[in-house]
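What you see below is based on every heavy atom in this structure, not just the backbone, and it leaves out hydrogens, waters and symmetry mates.
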Amino acid sequence: MPNLIVKLYSVIFKYQQKHLLQSLIETPESTKPYPFGITSRPSESIAASNPSFSDGVATKDIHVDPFSSLSLRIFLPDTAVTSSLSSTYQITNYGGYSPEAGKSHRKLPVMLQFHGGGFVSGSNDSVGNDAFCRRIAKLCDVIVVAVGYRLAPETKYPGAFEDGFKVLNWLAKQANLAVCGRVGAQSHIFDSFGASMVEPWLAAHGDTSRCVLLGVSSGANIADYVAREAVEAGKRLDPVKVVAQILMFPFFIGSTPTHSEIKLSSSYFYDKTMCMLAWKLFLPKEEFNLDHPAANPLIAGRQPPLKCMPPTLTVVAEHDFMRDRAIAYSEELRKVNVDAPLLDYKDGVHEFATLDVLLQTPQARVCAEDVSIWVKKYISLRGHEFSY
């Protein structure tokens, strides 16, 4: 059983989250003045970005879509610039790291990360998500791109899902622009306003041919959608290649209750009542159905075929009521010979490895290490590590 501290945190979390969900349910749609979308709630504790390798990781925030609030936080580990061929790095006047033109740079895999929060809360720059992404960037030796997708109910389905795939397309565009910048007469490509279109950290250090998707809770549903869209897109995403995905505590549900959905319906942190409210806020009223493709990964006719999916690591917890459906999905992937191992943590609760109040627990640290061990099978070096 979870210890007393975890139980206490759960009571506080559920009280706050249920209050948020209920207030959003009771707010008329006409009074939600956010056509641009929002990516964070006022109650969220935000961690400031720091582009100068604080605690071994530099971070920056960028806005990538002029028509919405979609934003990104990039986490660059200092291993990208402290290698034997790049022992020094440039700190510009603004106080942050800037790759030197014409120099050799170490290339790292790119991991797209989608935070949890039941589609209605959470943020890519929250204190908890910032700490988790820093940990993953260092353990996995990857550039983490945390996606600030638009939240519900201000933006209903498929908004958050489309944001996820839009970022994958943006990565492909960045990779191609970086190549153009290296072979062209100029080192930068500018838009009509004179701003550089090339993100320098990704251009210098990102290897998008080794791209991993990582989703937490509702973010796992987004990651799985993006993986399926990447399979459908195929070579249209070149040079981006999704080599693996990690689904942590997926927010899956269905109309036919599983054993865990019955036995653990009042489980810690996120229970079934809260889950139902979140889905009502996320799905358009006319589409509300627990067997919606966004909710249930095991419905018939879901495309592409499971055998086409990338290697998929699934993480579940003993006291998470959504565990059984995630386990079933993992089993179905293994039946069609997809590498789809399952990590099941005894005494764990929903999001135990990513919630800010639990991040420093031994179990959270072990989980992150386990994830890094598995994913390194698919992001190991292929060809040259350094490029200009």
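Linking Ile, Leu, Val, Met, Phe, Trp and Tyr whenever their side-chain heavy atoms come within less than 4.5 Å leaves Ile46 and Ile74 in two separate clusters. Under a hydrophobic-cluster definition in which Ile, Leu, Val, Met, Phe, Trp and Tyr are linked whenever side-chain heavy atoms come within less than 4.5 Å, directly or via other members, Phe114 and Leu247 are assigned to different clusters. Linking ILVMFWY residues whenever their side-chain heavy atoms come closer than 4.5 Å, directly or via other members, places Met322 and Ile246 in the same cluster. Side-chain heavy atoms closer than 4.5 Å link hydrophobic residues (I, L, V, M, F, W, Y) into clusters, and following such links, possibly through other members, connects Val243 to Ile143. In the hydrophobic clustering of this structure, Phe252 does not group with Val349; members are Ile, Leu, Val, Met, Phe, Trp, Tyr whose side-chain heavy atoms approach within less than 4.5 Å, directly or through other members.
A donor-acceptor pair under 3.5 Å links the side-chain atoms of Arg228 to the main chain of Gln303, judged by distance alone. For Thr312 (side chain) and Ala340 (main-chain N/O), no donor-acceptor pair under 3.5 Å exists by modelled atom type. Counting only distance, with no hydrogens or angles, the side chain of Arg134 and the backbone of Ser54 share a donor-acceptor pair below 3.5 Å. A donor-acceptor pair under 3.5 Å is formed between the side chain of Thr27 and the backbone N or O of Ser23. A donor-acceptor pair is defined here as one N or O able to donate and one able to accept, closer than 3.5 Å; such a pair exists between the side chain of Arg302 and the backbone of Pro293. Formation of a donor-acceptor pair under 3.5 Å by the Arg41 side chain with backbone atoms of Val120 is found in this model. A donor-acceptor pair under 3.5 Å is formed between the side chain of Ser10 and the backbone N or O of Phe269. With hydrogens and angles ignored, the 3.5 Å screen pairs no side-chain donor or acceptor of Ser123 with any backbone N or O of Ser40. When atom types are taken as modelled, the side chain of Ser121 and the backbone of Phe119 share no donor-acceptor pair closer than 3.5 angstrom. Thr59 places no side-chain N or O within donor-acceptor distance of the main-chain N or O of Phe75, the cut-off being under 3.5 Å.
One distance of note links CG of Asp224 with CD of Glu229; it measures 11.0 Å at 0.5 Å rounding. Note: Ile5 CD1 to Asn3 CG = 6.5 Å, rounded to the nearest 0.5 Å. Atoms CD1 and CG, from Ile262 and Asp324 in turn, are 9.5 Å apart once rounded to the nearest 0.5 Å. Here Cys140 contributes atom SG and Ile373 contributes atom CD1; the two are 10.0 Å apart, rounded to the nearest 0.5 Å. We find the CD1-OG1 distance between Ile253 and Thr258 to be 8.5 Å, quoted to the nearest 0.5 Å. The line from CD of Gln22 to CG of Leu277 is 6.0 Å long, rounded to the nearest 0.5 Å.
The two residues Ser265 and Asp271 make their nearest non-hydrogen contact at O-CB, 3.1 Å. Shown here for Gly164 and Ile222, the closest heavy-atom pair between the two residues is CA-CG2, 4.3 Å. Pairing each heavy atom of Asn124 with each of Ser71, the nearest pair is ND2-O, 3.8 Å. Nearest heavy atoms, Asp320 versus Leu264: O-CD1, 3.7 Å. Taking both residues in full, the closest heavy atoms of Ala175 and Thr208 are given as CB-OG1, 3.5 Å, listed atom of the first, atom of the second, then distance. The two residues Val242 and Ala230 make their nearest non-hydrogen contact at CG2-CB, 3.9 Å.
Under the side-chain contact (heavy atoms from CB on, under 4.5 Å) criterion, Ala131 pairs with Leu359, sequence neighbours left out. For Tyr345, the side chain to side chain donor-acceptor pair (under 3.5 Å) criterion is met by Asp370, not counting sequence neighbours. With sequence neighbours excluded, the residues forming a side-chain contact (heavy atoms from CB on, under 4.5 Å) with Ala328 are Leu298, listed by chain and number.
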Full working for side-chain contact (heavy atoms from CB on, under 4.5 Å) between Val212 and Val142
CA-CA 9 Å; Val212 178; Val142 297; over 6 Å; no

Worked verdict on Asp141 versus Leu108 for side-chain contact (heavy atoms from CB on, under 4.5 Å)
CA-CA 7 Å; Asp141 201 22; Leu108 298 179; 3.9 Å; yes

Go through the steps for Asp130 and Asp125 under the test side-chain contact (heavy atoms from CB on, under 4.5 Å), then give the verdict.
CA-CA 6 Å; Asp130 182 86; Asp125 56 2; over 6 Å; no

Show your reasoning for whether side-chain contact (heavy atoms from CB on, under 4.5 Å) applies to Tyr268 and Phe13.
CA-CA 9 Å; Tyr268 302 98; Phe13 176 88; over 6 Å; no

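Here the side chains of Phe132 and Asp356 are not in contact, with every heavy-atom distance at 4.5 Å or above. Counting heavy atoms from C-beta on, the side chains of Leu355 and Tyr9 never come closer than 4.5 Å. Side-chain contact between Val198 and Gln174 is present, with at least one heavy-atom pair separated by less than 4.5 Å. In this structure, Leu237 and Asn169 have side chains that are in contact, with non-hydrogen atoms separated by less than 4.5 Å.
Heavy atoms from other residues, nucleotides or ligands lying under 6.0 Å from NZ of Lys173 number 12 at most. By the 6.0 Å contact criterion, NZ on Lys272 is enclosed, its count of non-hydrogen atoms from other residues, nucleotides or ligands being greater than 12. The number of heavy atoms from other shown groups lying within 6.0 Å of NZ (Lys263) does not exceed 12.
Put simply, the residue from Glu44, Gln113, His115 that forms a side-chain hydrogen bond (donor to acceptor under 3.5 Å, both in side chains) with Asn129 is Gln113. Partner Met248 forms a side chain to side chain contact (heavy atoms under 4.5 Å, CB included) with one of Val216, Leu313, Leu343 and no other, that one being Val216. Exactly one of Val338, Val336, Val231 qualifies for a side chain to side chain contact (heavy atoms under 4.5 Å, CB included) with Cys308. That residue is Val231.
At a threshold of 4.0 Å, the pair Lys138-Asp55 counts as salt-bridged, since one of the basic side-chain nitrogens sits closer than that to a carboxylate oxygen. Using a cutoff of 4.0 Å between basic side-chain nitrogens and carboxylate oxygens, Lys60 and Glu199 are scored as salt-bridged.
Residues Phe282 and Phe161 bring their aromatic ring centres within 6.0 Å. A centroid separation of less than 6.0 Å is found between the aromatic rings of Phe249 and Phe352.
Relative orientation of the His63 and Phe36 rings is parallel, given thresholds of 30° and 60° on the angle between their planes. The aromatic rings of His350 and Phe251 lie tilted to each other, with the angle between the two planes from 30° to 60°.
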